[in-house]
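Proteins get letters first, then strands, A, B, ... in listed order; numbering begins at 1 in each. Bear in mind the structure is a predicted one, so any value in this text is a computation, not a measurement.
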Amino acid sequence: MFAADPLAPTALRFENVTFSHGERQLFGGLSFALEAGQILWIIGDNGIGKTSILKLALGLLKPESGKISYERDGVSITARRFVGYVSHKDAFEPLLTVRETLAFWRDVFETDPETEQDIDEILSQFGLSGQALQRTHSLSAGQKRRLALARMHIGNRAIWIMDEPKAAMDQTGQALIDSLLRAHVQRGGSALIASHYGPAAISKNTRKLILEAPQ
Amino acid sequence: MTALLKRDLMVLLRQPRGWLLALTFFVLFLSIIAIALQGDIGVLNRIAAPVIWLAVVFSLLLTFETLFTADVQNGIMEQYRLAGLSGLSIVLSKFIMVFLTSIVPLALAIPLIGVMYQLPMVHIAAITLSLLIGAPAIIALGLVSAALLSGQRSAGFLIILLTLPFMIPVIIFALAGINAYPIEGLDNPGFIALAGLSLLSFAICIPASSAALKINME
């Protein structure tokens, strides 16, 4: 359980955040909170600022005004090592095989050897066993998405930030994401997801934030 | 850092174009000069050191463009940052990789060029030593330019323009050291100044490259 880690954040909070791309203001005074055990879907059209919200949460962009913080019991903390990101970019070395890619990221994340999962198990869990020896540049878009999810899974992050995770995924892949999210939330994790479409079903753990272009 | 270095070396073995390009340019450039001078051993002996150093600098400049750009543009650098990898460890792993895959092959090729130019053994040793002493300066200077322009596509020409002026003192001290080596040995003023320049460049350029990478990711 993530809450058992005394350093893991229990909430991500946006307070009155304003952000612009050049002259165009994408949003002003945006406020929301994502608590442990929750999934927040950010829904909206292309170019409305969904990815910008994710990048602000990741610290890859800076807001013009307002405050973005990770908190534990109401106190702001540094939480980068608890955050995992599936971006719309591949973010894989094209010349490495799928197995080598996962082994490499496991080394980068410096996972605890006692708790780390066998690479073959992970490949099987994410439906990539058949592609283990295939170089990542030859994977399909959906397979690359699965590999990105597997990488985040290895990192064992409390907060998942995902940009269009179901894009290019077949039905099995979409079901895999749903089951991963359910398991993640049950462990006390949380997820911030940008998507064109909302979740299949809204539960007590799932919320929607709909972005609309200013009139 | 070990994981990064291991990954970079695996990738270079699978796509040797990067280091083979530098080595091929180095050998071809120096061979063409020998042919152009019609094998005049007297002239080749006189110009060997400066020409070999120019070939080293130009061939290394060819390798800097691709050091960071692919990782920045395909999002790997973002993932490194989120994984908590420091910019310093990323830059240091690139430094070691360039040394192993570019400087070492060039240093091994110098004796062969020396034979082609019919250089005395002491002269070949001096040029090889000057490359090994000056390598940290050349790599560190190249890394700063590569990191500064890592967010740009096709920045090769800009990297050459930015880096080349800073290479001039390195070449001057290296040539002074090579000329003094047969009489004064390794601890001559030229080599000492070159070593100082290497240390200084390393100390300044590695943190600067790390900062430049961070800026390019924001």
Side-chain angles (χ1 to χ4, degrees), chain A residues 7 19 51-52 54-63 70 78-97 99-111 135-138 144-145 147-152 154-163, chain B residues 1-21 63 65-94 96-98 101 147 150-153 210-218:
Chain A
L7 298 175
F19 182 75
T51 302
S52 298
L54 302 190
K55 290 198 166 186
L56 285 163
L58 290 161
L60 297 171
L61 292 175
K62 299 269 179 277
Y70 289 90
T78 306
R80 183 166 287 169
R81 75 183 182 89
F82 294 99
V83 179
Y85 180 39
V86 173
S87 72
H88 61 268
K89 293 178 179 172
D90 294 343
F92 302 120
E93 171 50 55
L95 292 174
L96 293 188
T97 65
R99 172 186 284 282
E100 287 165 349
T101 300
L102 288 180
F104 166 68
W105 283 101
R106 191 170 63 180
D107 290 345
V108 169
F109 287 132
E110 294 177 341
T111 51
R135 291 188 181 176
T136 60
H137 69 82
S138 64
K144 283 178 181 169
R145 268 280 183 260
L147 184 55
L149 289 165
R151 169 174 53 199
M152 196 166 65
I154 286 179
N156 195 28
R157 305 286 149 139
I159 298 178
W160 290 358
I161 295 184
M162 304 159 96
D163 201 348
Chain B
M1 197 174 81
T2 318
L4 290 181
L5 189 58
K6 193 174 141 194
R7 181 205 82 142
D8 284 344
L9 291 174
M10 276 168 80
V11 170
L12 268 180
L13 283 175
R14 285 174 195 177
Q15 194 177 45
R17 196 182 57 195
W19 61 273
L20 272 181
L21 178 71
T63 65
E65 181 185 358
T66 52
L67 279 182
F68 299 113
T69 42
D71 284 353
V72 168
Q73 281 161 14
N74 72 12
I76 290 179
M77 210 60 90
E78 270 176 6
Q79 294 288 342
Y80 283 165
R81 199 172 155 197
L82 295 169
L85 275 184
S86 71
L88 272 183
S89 58
I90 297 169
V91 173
L92 276 174
S93 80
K94 294 289 183 193
I96 296 169
M97 188 202 66
V98 174
T101 59
S150 58
Q152 308 291 319
R153 288 181 197 276
S210 164
L213 274 184
K214 193 177 169 194
I215 290 167
N216 266 315
M217 275 188 283
E218 285 176 358

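How far CG of A:L95 is from CG of B:L13: 11.0 Å, rounded to the nearest 0.5 Å. Between the CZ atom of A:F82 and the CG atom of B:L82 there is a distance of 14.0 Å, given to the nearest 0.5 Å. Atom-to-atom distance recorded for B:Q73:CD and A:K89:NZ is 8.0 Å, nearest 0.5 angstrom.
Put simply, the side chain of A:F104 does not reach to within 4.5 Å of the side chain of B:M10, judged on heavy atoms.
A salt bridge does not link B:R14 to A:E93: none of the charged side-chain nitrogens sits closer than 4.0 Å to a carboxylate oxygen.
A pairwise comparison of heavy atoms in B:Q79 and A:W105 identifies CB-CH2, 3.4 Å as the closest pair. Nearest approach of B:A3 to A:D107, heavy atoms of both residues: CB-CB, 3.6 Å.
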Walk me through whether B:R81 and A:L60 qualify under side-chain contact (heavy atoms from CB on, under 4.5 Å).
CA-CA 9 Å; B:R81 199 172 155 197; A:L60 297 171; 3.6 Å; yes

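Within 6.0 Å of NZ on B:K6 lie no more than 12 heavy atoms contributed by other residues, nucleotides or ligands.
For A:F109, the part sitting under 4.5 Å from any heavy atom of chain B is the side chain, from C-beta outward, and nothing else.
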